[in-house]
Amino acid sequence: MREYTFERPRSVDEAVRRSGSGTAFLAGGTTLVDLMKLEVMTPGRVLDINRLPLRGVDTTGGVLRIGALERMSDVAADPRVRHGHPLLSRALELSASGQLRNMASIGGNLLQRTRCGYFRDVTTPCNKRQPGSGCPAVEGENRMHAVLGTSDSCVATHPSDLAVALVALDAKVRLTGADGVRTVDLADFYLLPGGTPHLEHDLRPGELVTDVLVPRLDRASRSTYLKVRDRQSFEFALASAAVVVRRDGDVIREARVAVGGMGTRPWRLPAVEKALAGQRATEATYTAAAAKAVDGARPLRHNAFKPELMKRTLIRALLELEQTR
Amino acid sequence: MWIIRNLRWHPSGRPRTLGRMTQYEGITRRGLLGLVGTTAAAAAVPLSGGSAAAQAASGDVTVRMTVNGADTSLTEDPRVTLLDALRDRLDLTGTKKGCDRGQCGACTVHVDGRRVVSCLTLLATLDGATVRTIEGMADGDRPHPLQRAFVEHDGLQCGFCTSGQIMSAAAVIQEGGADTDAEIRERMSGNICRCSAYPGILAAIRQARAEIR
């Protein structure tokens, strides 16, 4: 690990003021400490924000607000989350391990870095880690990599389960920076890699995620989060689906669908949503809609299985809604 | 050798008592190994006056915490993890370093009553914290129910992951998430056992759960 100075700002304003280039905010540390050990991240200054008042879960005005420093395990177990947005609890509980969920913050979860082996190995090139150095994953080991939203510069998958569920729920993030407070749709917060994969989100220098805001979920809607992976627990998704469906009897009135393990960012699927809306809730409808999930997918040498896996995951998630409510 | 190693971390020179474990217990195998290591290191890098030591000291962070019931104060480089502090500074070597990347669970301890991986926990963040390690589990000479159950059910072969398994299992039982076998398996998935003693681990947790609750 490279040397850094360690500071503990006493307020959000002070944290933002002291931040900037070469500075990292430390919350749970499950990404940052790991990547500092690997020297993938080498901040000269670490700001421990754990004592800042960015906590709490509340539902004032019908909007679920989650403080960015709340821990994954606490949010998953919170009765307001469990009852109001069950797929968030589900996505959180299917993430990482019990120990890591106790440590990792919600803000940190949304900002966690890709698990691409080349990104994590400083002896190899990586455009995300070292702009312009190249991407060995395009031709190399790419079984876990993305098939949607990729570019010639980067095919790394976004690893967060929570972000997929939040994107399906039209969540927003609140940010505080030198220019004040602003709120951004989470779906727009993540950037496509294009030719600049080192730019991962719409976060200005020194800006801090303070809250996540989730609109109320209609009580009549059914939702679930399904995750498919190489082992049953403590593993990243090969494919995952967050689905929210509001029905009127047999007819689907509205559907919201996002998928993980597939894209370079959490991937919303408006074409699938459109194919579901107004249709009868049958397996035939789900199959027809799921076919649109992977339009434009670009499989790589080791992950040609992913488009088919995505379709089946989506169909299964929609079928499982019959058992939820 | 104990004194050599600890003078560095305890300038007062006072003996420390960590919970019920006193550090004056004669020369152990680990003590001898430690002596060799310390001598070699001391020969290579002078402890005081060396430029590396002086540089590191400028940014050191002082942390006061409770470890297995004992008040402890450490002043360390901010890069030091809780895991390294426990093993190398406090001689609490029951906590193991497996992957050192948060992927194996061998280093699991409790911080403020919650199970965490100590390899990804920076010591500098723990001022005021309460830490419990495997050394703090037994009640005097009486092993913790989980320790006994792991022995009775062969919940280990090589034993390297065991302290992490036990710390994790204690928290799982505490969390109330160990009602079914499937639930125990899911909640214990952060603790890898390369010997694959999982059936024994599961049986041990089941038994201890009944005793503890």
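Computed over heavy atoms, backbone and side chain alike; hydrogens, waters and symmetry mates excluded.
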Quick check on [X]: does its [atom1] atom have over 12 non-hydrogen neighbours (other residues, nucleotides or ligands) under 6.0 Å away?
X: Arg142(B); atom1: CZ; result: no
X: Glu152(B); atom1: CD; result: yes
X: Arg80(A); atom1: CZ; result: yes
X: Gln232(A); atom1: CD; result: no

Practice task
Verify the distance criterion only: is there a donor paired with an acceptor across the side chains of Gln103(B) and Asp34(A) at less than 3.5 Å?
Solution key: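 There is no such pair between these side chains.
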Handout entry: Any Phe6(A) side-chain heavy atom under 4.5 Å of Asp77(B) side chain
Key =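 They are not in side-chain contact.
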Exercise for the section: May I ask you to test the Cys119(B)-Lys37(A) pair for a side-chain heavy-atom distance under 4.5 Å? Expected result: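 They are in side-chain contact.
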Give me the atom names and distance for the closest heavy-atom approach of [X] to [Y].
X: Arg51(A); Y: Thr125(B); answer: NH2-O, 3.4 Å
X: Ser97(A); Y: Gly190(B); answer: CB-CA, 3.4 Å
X: Thr30(A); Y: Leu120(B); answer: O-CD1, 3.7 Å

Is it the side chain or the backbone of [X] that comes within 4.5 Å of chain B heavy atoms, both, or neither?
X: Leu26(A); value: side chain
X: Thr31(A); value: neither
X: Glu235(A); value: neither

Rounded distance [0.5 Å steps], [atom1] in [X] versus [atom2] in [Y]:
X: His110(B); Y: Gln99(A); atom1: NE2; atom2: CD; answer: 9.0 Å
X: Met188(B); Y: Ser233(A); atom1: CE; atom2: OG; answer: 11.5 Å
X: Glu186(B); Y: Phe234(A); atom1: CD; atom2: CZ; answer: 11.0 Å

Exercise for the section: Count the heavy-atom pairs under 4.5 Å between each of Met1(A), Arg2(A), Arg8(A) and chain B, then report the option with the highest count. Expected result: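 Top option by heavy-atom pairs under 4.5 Å: Met1(A).
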Handout entry: Interface residue of largest heavy-atom contact number with chain A, from Val61(B), Thr121(B), Asp100(B), under 4.5 Å
Key =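 Ranked by heavy-atom pairs under 4.5 Å with chain A, first place is Asp100(B).
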Exercise for the section: Using modelled atom types only, decide if a donor and an acceptor are shared between the side chain of Asn102(A) and the backbone of Arg115(B) within a distance under 3.5 Å. Expected result: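 Yes: the side chain of Asn102(A) pairs with the backbone of Arg115(B).
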Handout entry: Short side-chain to backbone donor-acceptor contact, Arg101(B) and Leu38(A), under 3.5 Å
Key =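 No, the answer is negative, given that no donor and acceptor are paired below the 3.5 Å cut-off.
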Practice task
Considering only NZ, NE, NH1 and NH2 on the basic side and carboxylate oxygens on the acidic side, decide whether Asp74(A) and Arg114(B) come within less than 4.0 Å.
Solution key: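 Yes, charged N to carboxylate O under 4.0 Å.
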Handout entry: Proximity of residues 192-213 of chain B to chain A, residues having a non-hydrogen atom under 4.5 angstrom
Key =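 Result: Ile192(B).
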Practice task
Spell out the residues in residues 158-170 of chain B that have some non-hydrogen atom less than 4.5 Å away from a non-hydrogen atom of chain A, in order of number; otherwise answer 'none'.
Solution key: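 Heavy-atom contacts from residues 158-170 of chain B to chain A are Ser168(B).
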Handout entry: Contact class of Asp127(B) relative to chain A, heavy atoms under 4.5 angstrom
Key =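 For Asp127(B), heavy atoms of backbone and side chain both lie under 4.5 Å from chain A.
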